[in-house]
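First the structure, in the form of structure tokens, and then the observations on it.
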Amino acid sequence: MAMKRAAGSSAIRSLFSSTFFRNLHVSGEKKKIVGVFYKGNEYAKLNPDFVGCVEGALGIRQWLESQGHQYIVTDDKAGSDSELERNLSDAHVIISTPFHPAYVTAERIKKAKNLELLLTAGIGSDHIDLKAAAAAGITVAEVTGSNVVSVAEDELMRILILIRNFLPGYHQAVNGEWNVAGIAYRAYDLEGKTVGTVGAGRIGKLLLQRLKPFNCNLLYFDRIRMDPGLEKEIGAKFEEDLDAMLPKCDVIVINTPLTEQTRGLFDKDKISKCKKGVLIVNNARGAIMDTQAVADACSNGHVAGYSGDVWFPQPAPKDHPWRYMPNHAMTPHVSGTTIDAQLRYAAGVKDMLDRHFRGEDFPEQNYIVKEGQLASQYR
């Protein structure tokens, strides 16, 4: 039978330190799994591979239910009367996505007495109180690498949309207008511009590789310097000091995870260090930015354009300042949920659930919290 989350003394924790967090299982044990995804609505039936929505349910319903597990899938995640809240007390596994995140707070973790595993269908588990999960002996994991190509491609698209001043031209076409000057006066080539990424993990590296053919000056800031061979191949220069890198950049791309250290990192002071007229792309997390500071900088022209698909909170309220600031190219959180990415993270979730039911370890890179310890990027 699966080991229950410890509630006893530190002595008991110490005694079972080698087995406390393993979630050992016997064959045939039935679990309750709760999945929280966005609704597909009328689009759900238009593509059989659209598995990332409530209706698609990651394509694992038949597999789970054929083994006797209970699988509750909903988009209702906010408030004390939400379907997620009603199913917390006896849930063993909660699956969520960054695109419609179920905010698993310390309070919710306390209510979920049977909870063993929190899975992110995608990458980025900042919607979970990781310290509370670690303290409770809950494993947290995500499908590392599942949508890095999707996000890097989207970032490149957004850079081009901003630098070529694409959106005014699109709106002219839709509105029956024709005013070349209204587009051209602030449209530039990407070639020769300096692009800096704040964070050069899997997505950041892929973006730099895709930018190389554009003959840009490439800079990156990260806590870990990349392999010298790869650095040379990409042609990117490592910057040790973020504040020193920012004024050099025509374009800044945010590629760092949301942690205690990066929350609100780009506040009024940090943005003021950027070059006047900078373009910023953020597909990482909305809370890395100071919401009002970004809106103000776009309004006064210090930031010439801002694009991304991440907001805080999500879904973004109708009065969110980023909806109304000038020169933005914002969308809902969609970059990492292409059909290709959905199929990859659905397969990854199924694999980890299967391993969990068997009492087997996950691929090491998937762990965000394991045996009470946070992954290095969240420490």
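Numbers here are sequence positions counted from 1.
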TODO: Among L118, V36, L117, L353, find the one that has a side chain to side chain contact (heavy atoms under 4.5 Å, CB included) with I95.
DONE: L353

TODO: Say whether L242 and V251 are linked into one hydrophobic cluster, either directly or through other cluster members, by side-chain heavy-atom distances under 4.5 angstrom.
DONE: no

Open item on the list: Give me each pair satisfying side chain to side chain donor-acceptor pair (under 3.5 Å) with a member in residues 56-66, each pair once, sequence neighbours excluded.
Closed with: R61-E65

Open item on the list: Determine whether a donor-acceptor pair (N or O, by modelled atom type, separation under 3.5 Å) exists between the side chain of R186 and the backbone of A304.
Closed with: yes

Open item on the list: Can you confirm whether F266 sits close enough to V198 that some side-chain heavy atom of one is under 4.5 Å from a side-chain heavy atom of the other?
Closed with: yes

- [ ] State whether the side chain of Q172 and the backbone N or O of N179 hold a donor-acceptor pair below 3.5 Å, judged by distance alone.
- [x] yes

Open item on the list: Tell me whether Y345 shares a hydrophobic cluster with I33, the cluster being built from Ile, Leu, Val, Met, Phe, Trp, Tyr side chains joined at under 4.5 Å.
Closed with: yes

Open item on the list: Walk me through whether I159 and F214 qualify under side chain to side chain contact (heavy atoms under 4.5 Å, CB included).
Closed with: CA-CA 12 Å; I159 291 170; F214 287 88; over 6 Å; no

Task: Side chain to side chain, M289 and I254, heavy atoms closer than 4.5 Å - done: yes

- [ ] With the side chain counted from C-beta on, respond yes when R210 and E153 share a heavy-atom pair under 4.5 Å apart, and no when they do not.
- [x] yes

Open item on the list: Check whether N300 reaches the backbone of H302 with its side chain - one donor and one acceptor, N or O, closer than 3.5 Å.
Closed with: yes

TODO: Identify the heavy atoms of L374 and A134 that sit nearest to each other, and give their distance.
DONE: CD1-CB, 3.7 Å

TODO: Indicate yes or no: at least one non-hydrogen side-chain atom of F166 is less than 4.5 angstrom from one of L160.
DONE: no

Task: Salt-bridge contact D126-R285 (side-chain N to carboxylate O under 4.0 Å) - done: yes

Task: Considering all heavy atoms, the nearest C249-V278 contact - done: O-CG2, 3.7 Å

TODO: Please check if L230 and F221 belong to a single hydrophobic cluster, counting links between Ile, Leu, Val, Met, Phe, Trp and Tyr side chain heavy atoms closer than 4.5 Å.
DONE: no

Open item on the list: Do H356 and F362 have side chains that approach each other closer than 4.5 Å (heavy atoms only, starting at C-beta)?
Closed with: yes

Open item on the list: Can a donor-acceptor pair be found, under 3.5 Å and without considering hydrogens, that links the side chain of E142 to the backbone of G124?
Closed with: yes

- [ ] Please step through side chain to side chain contact (heavy atoms under 4.5 Å, CB included) for the pair R202 and T144, ending with a clear verdict.
- [x] CA-CA 9 Å; R202 291 176 176 86; T144 299; 3.2 Å; yes

Task: Any donor-acceptor N/O pair, T120 side chain to G122 backbone, under 3.5 Å - done: no

Open item on the list: If you apply the rule side chain to side chain contact (heavy atoms under 4.5 Å, CB included), what do you find for R108 with L84, and how did you get there?
Closed with: CA-CA 10 Å; R108 280 180 162 174; L84 170 61; 3.4 Å; yes

Open item on the list: Tell me whether the rings of F312 and Y103 are parallel (<30°), tilted (30 to 60°) or perpendicular (>60°).
Closed with: perpendicular

Task: Residue K273 excluded, over 12 heavy atoms near NZ under 6.0 Å - done: yes

- [ ] Ignoring hydrogens and angles, tell me if any N or O in the side chain of H127 forms a donor-acceptor pair with the backbone of V104 under 3.5 Å.
- [x] no

Task: Pairwise side-chain contact, L58 with K350, heavy-atom cut-off 4.5 Å (strictly under) - done: no

- [ ] Please work out whether the ring planes of F238 and Y220 are parallel, tilted or perpendicular, with thresholds of 30° and 60°.
- [x] tilted

Open item on the list: Other residues, nucleotides and ligands only: do more than 12 of their heavy atoms fall within 6.0 Å of OH on Y170?
Closed with: no

Open item on the list: For R344 and S150, which I'm curious about, is there any donor-acceptor pair between the side chains at under 3.5 Å?
Closed with: yes

Open item on the list: Between S146 and I123, is there a side-chain heavy-atom distance shorter than 4.5 Å?
Closed with: yes

Open item on the list: Between W311 and T331 (side chain of the first, backbone of the second, donor and acceptor by atom type, cut-off under 3.5 Å), is there such a pair?
Closed with: yes

Task: side chain to side chain donor-acceptor pair (under 3.5 Å) contacts touching residues 35-47 (sequence neighbours left out) - done: Y38-T337

- [ ] Using a strict 4.0 Å threshold on nitrogen-to-oxygen distance, state whether R355 and D361 make a salt bridge.
- [x] no

Task: Ion pair K212/E233, N-O distance below 4.0 Å - done: no

TODO: Could you check H333 against F99 for ring pair (Phe, Tyr, Trp, His ring centres under 6.0 Å), going step by step and ending with a plain yes or no?
DONE: CA-CA 5 Å; H333 194 170; F99 320 105; 4.9 Å; yes

Open item on the list: For residues V253 and I234: do they belong to one hydrophobic cluster (side chain heavy atoms under 4.5 Å, members Ile, Leu, Val, Met, Phe, Trp, Tyr)?
Closed with: yes

TODO: Please confirm whether the backbone N or O of A200 pairs with a side-chain atom of N255, one donor and one acceptor, at under 3.5 Å?
DONE: no

Open item on the list: Checking side-chain polar atoms at under 3.5 Å, does T256 have a donor or acceptor matched by the opposite partner on T262?
Closed with: no

- [ ] Tell me yes or no: between the side chains of Y367 and Q373, is some donor less than 3.5 Å from an acceptor?
- [x] no

Open item on the list: In the structure I gave you, are the side-chain heavy atoms of N283 and R158 within less than 4.5 Å of one another anywhere?
Closed with: yes

- [ ] Look at the side chain of Q314 and the backbone N and O of P101, then say whether any donor-acceptor pair between them is shorter than 3.5 Å.
- [x] no

TODO: List the steps, then state whether side chain to side chain contact (heavy atoms under 4.5 Å, CB included) holds for Q70 with L64.
DONE: CA-CA 7 Å; Q70 184 182 6; L64 286 172; over 6 Å; no

Open item on the list: Donor-acceptor check, side chain of Y71 to backbone of A57, threshold 3.5 angstrom: yes or no?
Closed with: yes

